[in-house]
Protein chains: 4
Amino acid sequence: MGEGIMRLGFVSVNVTDLEAARKHYVEVMGMQMTDRTENEIYLKGWDEYDHHSIVLRQSNRAGLDKMAFKVHTYEDMEQLEKQLQQYGASVQRVSKGENHKVGEGLRFRLPSGHTMELFVEMEYKGKALPQVNPAPWPEGLIGVGAPRIDHLLITAERPHETVDFLMKALNFYMSEKVVENERSETPIAAWLFRSYTPHDIAIIPGKDEKLHHFAFWLDEFNELRKAGDVFSKHDVPIDVGIERHGITRGQTIYYFDPSGNRNEVFTGGYIAYPDMPVVKWTVDQLARGIFYFNHRQEWIEGFTGVTT
Amino acid sequence: MGEGIMRLGFVSVNVTDLEAARKHYVEVMGMQMTDRTENEIYLKGWDEYDHHSIVLRQSNRAGLDKMAFKVHTYEDMEQLEKQLQQYGASVQRVSKGENHKVGEGLRFRLPSGHTMELFVEMEYKGKALPQVNPAPWPEGLIGVGAPRIDHLLITAERPHETVDFLMKALNFYMSEKVVENERSETPIAAWLFRSYTPHDIAIIPGKDEKLHHFAFWLDEFNELRKAGDVFSKHDVPIDVGIERHGITRGQTIYYFDPSGNRNEVFTGGYIAYPDMPVVKWTVDQLARGIFYFNHRQEWIEGFTGVTT
Amino acid sequence: MGEGIMRLGFVSVNVTDLEAARKHYVEVMGMQMTDRTENEIYLKGWDEYDHHSIVLRQSNRAGLDKMAFKVHTYEDMEQLEKQLQQYGASVQRVSKGENHKVGEGLRFRLPSGHTMELFVEMEYKGKALPQVNPAPWPEGLIGVGAPRIDHLLITAERPHETVDFLMKALNFYMSEKVVENERSETPIAAWLFRSYTPHDIAIIPGKDEKLHHFAFWLDEFNELRKAGDVFSKHDVPIDVGIERHGITRGQTIYYFDPSGNRNEVFTGGYIAYPDMPVVKWTVDQLARGIFYFNHRQEWIEGFTGVTT
Amino acid sequence: MGEGIMRLGFVSVNVTDLEAARKHYVEVMGMQMTDRTENEIYLKGWDEYDHHSIVLRQSNRAGLDKMAFKVHTYEDMEQLEKQLQQYGASVQRVSKGENHKVGEGLRFRLPSGHTMELFVEMEYKGKALPQVNPAPWPEGLIGVGAPRIDHLLITAERPHETVDFLMKALNFYMSEKVVENERSETPIAAWLFRSYTPHDIAIIPGKDEKLHHFAFWLDEFNELRKAGDVFSKHDVPIDVGIERHGITRGQTIYYFDPSGNRNEVFTGGYIAYPDMPVVKWTVDQLARGIFYFNHRQEWIEGFTGVTT
């Protein structure tokens, strides 16, 4: 019995200054650097056990290199390959080791042009806590101390095509969507999940191939205040926050990494089951869906306009 | 592509005074009563959309009548039926309507003697929030205002047999287990999941067919304090809490309903993925696994000894 | 042994639409209306026992009518009268009942032109909780459910003169001040207290006689999120927040009442003792002192520029 | 204009193993050791600026050596000396330096036999934060990271005598008291304050000269959970908690230092003004006043019976 995609495995992000990025992700966000090559840095959060969940790649421009989702079994991956081909996607096999510490996988492009990969195995590294009689949290966390990555949000010129692809070829479920009005069904934007959270990936209107943000999970609302304090101490530019999302009910701070990639610290939200009826947000109430407290026009424009 | 069991669908609980139970679950816990027959009351939390997640049944003794898990599709249920039969379980078909507002299903007994059912469909009722442009929480919540049920914990004379059954015949994953020592593998107790939370069901040593507790989810730690205040105002007997669990990292209050069934309000814990290495608790550190703050012997004995 | 001023007793606020103001302060903020005349509404929070802490006055423009501080004893008030006269202030006696439900008092103007009063007695109304065996919070709170008012912030063309007046004639203590640079002493702005909180009143540069905001206390950080949700549901315009203050360490949302008076919900901060060395904020770090997370210029300008 | 006693200045506590005590107060509680002699250790919290708030004294038995309250001015202290003498107390002058780093003071005994001192000046040490442009919290806090001490609770054979002494000779205010029934006035136990918190000192029935506990302030409820986790990691024996107090509305964990002195981490509670009507707890509801969640007899007995 196959269960398909399990979670967002890793994001590979382009940064324009690898050392500044390392400093930010390690000293401010509190990620553990698990490996480093000349042009790449591998990072994991304290509550993650795979070798990495973020790859930072030296580049001359910021933005998303690619995203990779972890699949339960090789049988599941084969099944997904068939579904992808049936959908009309051009799927490439990725050999073991082509991604550092990652096993065989698949590579393809979303209708929006973003590169996505699937994989089943990554070298095991272990959480920052022991596997026997662990304390509830590890000593010596640095800065924000984010336990794990949570989701990413990309932009697309025709969001509904990418949404359709993710749902039909990859079995993503939809938790919420933006529509023209109450009676509309076509998603102007959509929040999709595999891991019973409100979103593992979301698609909003914008340029193809662009990253809006990727997000770190924090365990509770008070951790957002701590994150905000840490960002201020380290002069991390905050985009918006502390805010409540109407969509997902989550709470958030958006901010930028040193290369200008938008990041989020996110907490809250509900448990999302596949049989949950999709929540709709109509365009006229969208501002409240994005920022429930402050739904002023200029905020929303700045927030939705900037991508990398 | 089948995904099997999705979540704990409902618990059917025996109560010795139906009206006292109604008062407790509605006026203290804040559940919505969605239906009532002469001998049964149907309840759901404000963030649940199925017709009910708890059935209260008038009986001459407290305890668990049965538990039912919701399955993704009928194909999945057929597949699980085969696995159950292959495992040697005696499986009964349940016809539509045999359970009020519930579709066709399967019934069988765990090695521990508990009755478990599977189903795919239940009448849709809807959350307390609208499906279009919902606020993050509904107005007018009563008492504790629990959004949903979370898990249940049962006792078994030979826990490892029931654990084996749940994992092999029903594809449950294990998040944590109690073992004799670091090198032991046989579970003395185990926490199992399907819904990416640390547990949908747990099995600890004790008498067969007994309920240790079933739990309500609360959205954050401060809600436990509110729950404790509400319990005190309504003279609900608290068993233990506010406490931290070492196992699951959750936070908790245990208390009793008017019939003496133990309930829990639970929050926190991590996201549990199927590929997460199982966390082990050795018997010598078990007290800390159960109650991380207070691991005094008398507490642990009272807590593990009383069941319904 | 005299102890002088005890706390901010009440603020009398001009509103342009009394009914809209009532709706806001009662249905959104959760204040109890304790009295009403044709042109005035009297309000108290659930944790306040005096007859009122806010007076809303129908007027053709928003802004502060006056503020009144409660003094321990009549001996203390006499002593303060002498100090005021010695300082050169013109002090008027206020007779009992001139302020509805308030005893004899004193009236004078601050150097900034604001009207301030002192009083010793106000009719006792009682908290929303019983005085014998009270629960920790009352049932049935509405909206934000603010327990009490906390402080107010006024603007002055020459803040140091008003600061000097408040400290010398009225024995206010200073917790924090803004100065030109580390070696400067003259306050460009100052936070003053009598009640062992970081501020009962603060003075920042701006037009004379103007109100920047008055604030409600909330018991913890999570209550700010609830307040933000309630504001959004009621379309209350949020000015800034959720934010952290560098000055006072408090956490905040600023918003406007229907007449455009800025209000704040405030929590956190330290216990301020009279012997605590004054904390200094230099002008170059002031933005961080005001909003610790977001210290962008446009925010600070909007925030400091608008008064009523 | 004199304001008398400002706050609990320091507690001097007998410990049976000075090194074990140092380890506990520094490595678990996160206090800063500001001085050490052969038989004494001086400690302060990160948010305290005086040289010390706790003195640990090597002794052959645990318990309270003495408590000292800080007074605003020498004029205030003279005034209090007169009041003490008028009350019939035998007051001793303490010379500067008799208490390490502390100025001239007064020493006397409460009717309960406890030694109390007053002082006006202690060597200034400074908070762990800079006085110019401070961040809201310091980096590198250890363990619980308690910012300051809060109050102490002592036992007396005739509590009302000590309460009378503290109120009449030292101008303490009463926030709450335990009485026989609604109509009774004589305090069986009482919570007294000078610093606008619900208590700086409390007196409950028990043996004379005994310490029930002294308490550390924590900034919010979530900090209690962190404290509980830290206590468990360091095998600090927890007495009771996490609990809510009915009296003061505070939230708490009680625990023991290595010598068996009971300590508390405390947060919450209201702002206590001198004109607030005294809250009464009747003996039949006292258990709920002490522990609002768990008001079982055996808890209350264990809690009230053990002192040092």
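In what follows, every chain begins at residue 1, and chains take the letters A, B, ... in the order their sequences are listed. Because the structure is predicted, anything quoted here is derived from the model rather than measured.
- Of the listed residues (C:R288, C:E48, C:E182), the greatest number of heavy-atom pairs within a distance under 4.5 Å of chain D belongs to C:E182.
- Heavy-atom distances place the side chain of C:R148, and not its backbone, under 4.5 Å from chain D.
- Using a 4.0 Å cut-off between charged nitrogen and carboxylate oxygen, C:D219 and D:R249 do not count as a salt-bridge pair.
- Proximity to chain D at a heavy-atom threshold of 4.5 Å picks out C:Y124, C:K127, C:L129, C:Q131, C:V132 from residues 121-132 of chain C, in numerical order.
- For C:T248, no part lies under 4.5 angstrom from a heavy atom of chain D.
- With a 4.5 Å cut-off on side-chain heavy atoms, D:F10 and D:N99 count as touching.
- Looking at C:N222, neither its backbone nor its side chain comes within 4.5 Å of chain D, counting heavy atoms on both sides.
- Under the rule for a ring-ring contact (aromatic ring centres under 6.0 Å, His included), the partners of C:F266 that lie at least two apart in sequence or sit in another chain are C:H151, C:H199.
- Contact annotation for D:W217: neither backbone nor side-chain heavy atoms come within less than 4.5 Å of a heavy atom of chain C.
- Taking non-hydrogen atoms and a 4.5 Å limit, the residue list of residues 269-282 of chain D in contact with chain C, ordered by number, reads D:Y270, D:I271, D:Y273, D:P274, D:D275, D:M276, D:P277, D:V278, D:V279, D:K280, D:W281, D:T282.
- Between the side chain of C:N294 and the backbone N or O of C:E243 there is no donor-acceptor pair closer than 3.5 Å.
- Under the 30°/60° scheme for interplanar angles, the aromatic rings of D:Y173 and C:H72 are found to be tilted.
- Options D:P134, D:G246, D:G268, D:P147 differ in how many heavy-atom pairs under 4.5 Å they form with chain C, and the most are formed by D:P134.
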Report task. List the steps and the verdict of ring-ring contact (aromatic ring centres under 6.0 Å, His included) for D:H52 and D:F119. Result -> CA-CA 13 Å; D:H52 57 266; D:F119 69 96; 8.0 Å; no
Report task. Check step by step if side chain to side chain donor-acceptor pair (under 3.5 Å) holds for D:E3 and C:N171. Result -> CA-CA 11 Å; D:E3 299 185 18; C:N171 300 343; 5.0 Å; no
Query - D:E176 and D:H245: CA distance, side-chain angles, deciding distance, side chain to side chain donor-acceptor pair (under 3.5 Å) verdict - result: CA-CA 12 Å; D:E176 312 207 16; D:H245 291 303; over 6 Å; no
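- C:K177 is not listed as a side-chain neighbour of C:V163, based on a closest heavy-atom distance of 4.5 Å or more.
- With sequence neighbours excluded, the residues forming a ring-ring contact (aromatic ring centres under 6.0 Å, His included) with D:F69 are D:F172, listed by chain and number.
- In this structure, D:F216 and D:F214 have tilted ring planes: the angle between them lies in the 30° to 60° band.
- Using a 4.0 Å cut-off between a side-chain N of Lys or Arg and a carboxylate O of Asp or Glu, D:R7 and D:D50 qualify as a salt bridge.
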